[in-house]
Amino acid sequence: MAIYCDESGGVGAGVMALAAVSLSAETADAIVERFRAVIGLRGELKGARIGLAERAFFIETLFRYGGRVIIAHTQMRNLAAASADGRVPQDIHVYAKLLQTVVDAWLPLSGGCVEMVVDDGRYDARLNGLLRADVQGAIGQWGSVVLADSHQVSGVQIADVLANSLFQIIVGSQYGPRVQTLLDPFIASGAVSLVEVLALSESSPMPKG
């Protein structure tokens with residue numbers, strides 16, 4: 001089972017959401033190719049660059065193809081309130097926690113055997129390597145973690161759209177209520193699962209070095 005991961009937001013935005021989408025590589029390519037053909041998109045598909053009508057078409061296409069999504073999300077004010085010193089954690093620590101959260105949520109559903117494909121564009125190679133090692137340690141011998149260039153991987157681009165959609169809802173953008181209406185049926189059906197992270201515990205993944 002391939003699980004494609006990408007995020008939206010960050011510490012500076014006050015909100016971070018990380019989507020993990022379950023699809024085969026062939027299905028992911030078919031969805032993005034269909035979207036490109038209809039919309040006339042050139043370049044990388046990014047959730048922040050598409051309008052509401054395009055987003056609606058894309059998301060409904062995704063679930064017609066049987067996509068399933070888990071999105072972990074958090075607000076920095078909650079993390080600061082739950083921390084011992086009242087400070088917002090570093091961006092990479094928040095990202096690592098969200099990544100670990102989606103891994104933990106997917107493992108029981110996959111029978112413990114997954115291939116995680118994670119966008120490599122947020123941090124430098126050293127930090128990405130530390131993140132990969134954390135996730136690989138959680139999966140163990142039952143799966144693998146691959147860092148991928150989102151330009152080249154349709155599944156990661158799909159995850160970006162889903163993460164950005166929840167980000168738009170949480171920050172209360174002008175499209176937020178309509179994006180919520182768009183996602184509500186898929187949340188109700190279980191095709192989209194949301195997991196809120198309220199604190200970084202002492203056992204939270206904390207890449208160092």
Side-chain angles (χ1 to χ4, degrees), residues 3-23 28 31-32 35 38-39 41 44-82 88-89 91-106 109 117-119 121-122 150 154-200 204:
I3 310 293
Y4 298 95
C5 301
D6 203 1
E7 89 297 328
S8 186
V11 165
V15 172
M16 190 186 295
L18 191 147
V21 182
S22 174
L23 288 169
I31 291 168
V32 173
F35 183 78
V38 173
I39 302 300
L41 175 71
E44 183 179 2
L45 171 61
K46 298 286 290 182
R49 299 176 188 166
I50 60 175
L52 183 63
E54 296 168 329
R55 188 183 305 267
F57 170 70
F58 181 81
I59 289 176
E60 291 182 0
T61 300
L62 168 65
F63 293 113
R64 281 202 303 271
Y65 275 81
R68 188 170 181 185
V69 184
I70 296 175
I71 310 176
H73 61 98
T74 193
Q75 297 189 53
M76 303 311 141
R77 63 186 182 188
N78 293 334
L79 298 184
V88 175
D91 190 273
I92 191 171
H93 294 171
V94 179
Y95 179 85
K97 176 62 175 179
L98 294 183
L99 189 57
Q100 185 66 66
T101 298
V102 296
V103 169
D104 290 344
W106 267 116
L109 301 176
V117 183
V118 181
D119 177 40
R122 190 173 184 92
S150 60
S154 297
V156 174
Q157 295 177 44
I158 292 170
D160 177 87
V161 174
L162 272 296
N164 178 262
S165 295
L166 188 63
F167 175 83
Q168 296 289 338
I169 293 169
I170 297 173
V171 300
S173 77
Q174 62 176 325
Y175 296 122
R178 297 173 72 183
V179 177
Q180 180 76 66
T181 299
L182 171 62
L183 286 182
D184 277 345
F186 304 112
I187 295 171
S189 71
V192 175
S193 298
L194 305 180
V195 183
E196 185 174 11
V197 172
L198 297 174
L200 298 190
S204 296

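What you see below is based on every heavy atom in this structure, not just the backbone, and it leaves out hydrogens, waters and symmetry mates. We number each residue from 1, following the sequence as shown.
Partners of T61 under the side chain to side chain donor-acceptor pair (under 3.5 Å) rule, at least two apart in sequence or in another chain, are R64. Under the side chain to side chain contact (heavy atoms under 4.5 Å, CB included) criterion, L198 pairs with N78, E196, sequence neighbours left out. For S154, the side chain to side chain donor-acceptor pair (under 3.5 Å) partners at least two apart in sequence or on another chain are D29. Partners of S150 by side chain to side chain contact (heavy atoms under 4.5 Å, CB included), not counting sequence neighbours, listed by chain and number: E44, D119, V156. Considering only residues two or more places apart in sequence or on other chains, E7 meets the side chain to side chain donor-acceptor pair (under 3.5 Å) condition with R122. F57 pairs by the ring pair (Phe, Tyr, Trp, His ring centres under 6.0 Å) definition with nothing, not counting sequence neighbours. Listed by chain and residue number, nothing satisfies the side chain to side chain contact (heavy atoms under 4.5 Å, CB included) test with A81 (two or more places apart in sequence, or in another chain). Not counting sequence neighbours, the partners of N164 by the side chain to side chain contact (heavy atoms under 4.5 Å, CB included) test are S8, A48, R55, F167, Q168.
For the side-chain contact (heavy atoms from CB on, under 4.5 Å) with V195, the lone residue among D104, V102, T101 that qualifies is T101.
The line from CD1 of I39 to CZ of F58 is 10.5 Å long, rounded to the nearest 0.5 Å. Distance CD1/I158 to CG/L23: 5.0 Å, rounded to 0.5 Å. For the atom pair CH2 (W106) and CD1 (I3), the distance works out to 4.5 Å, reported to the nearest 0.5 Å. One finds the CG atom of L200 at 7.0 Å from the OG1 atom of T74 (value rounded to the nearest 0.5 Å). Here the CZ-CD distance, from F35 to E54, works out to 5.0 Å after rounding to the nearest 0.5 Å. Going from atom CG of L194 over to atom CD1 of I187 covers 4.5 Å, rounded to the nearest 0.5 Å.
When side chains are defined from C-beta on, L45 counts as touching L41, because their heavy atoms get closer than 4.5 Å. With a 4.5 Å cut-off on side-chain heavy atoms, V15 and H73 do not count as touching.
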| task | Please test V94 against L79 for side-chain contact (heavy atoms from CB on, under 4.5 Å), starting from the C-alpha separation and ending with a verdict. | result | CA-CA 9 Å; V94 179; L79 298 184; 3.8 Å; yes
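Contacts classified as salt bridge (charged side-chain N to carboxylate O under 4.0 Å, His left out) and involving residues 70-81 (residues at least two apart or in different chains) are not found.
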Identify each donor-acceptor pair in which a side-chain atom of residues 177-185 lies under 3.5 Å from a protein atom, sequence neighbours left out, and give them as a table.
unit_1 : atom_1 : unit_2 : atom_2 : d
Q180   : NE2    : D184   : OD1    : 2.7
T181   : OG1    : P177   : O      : 3.1

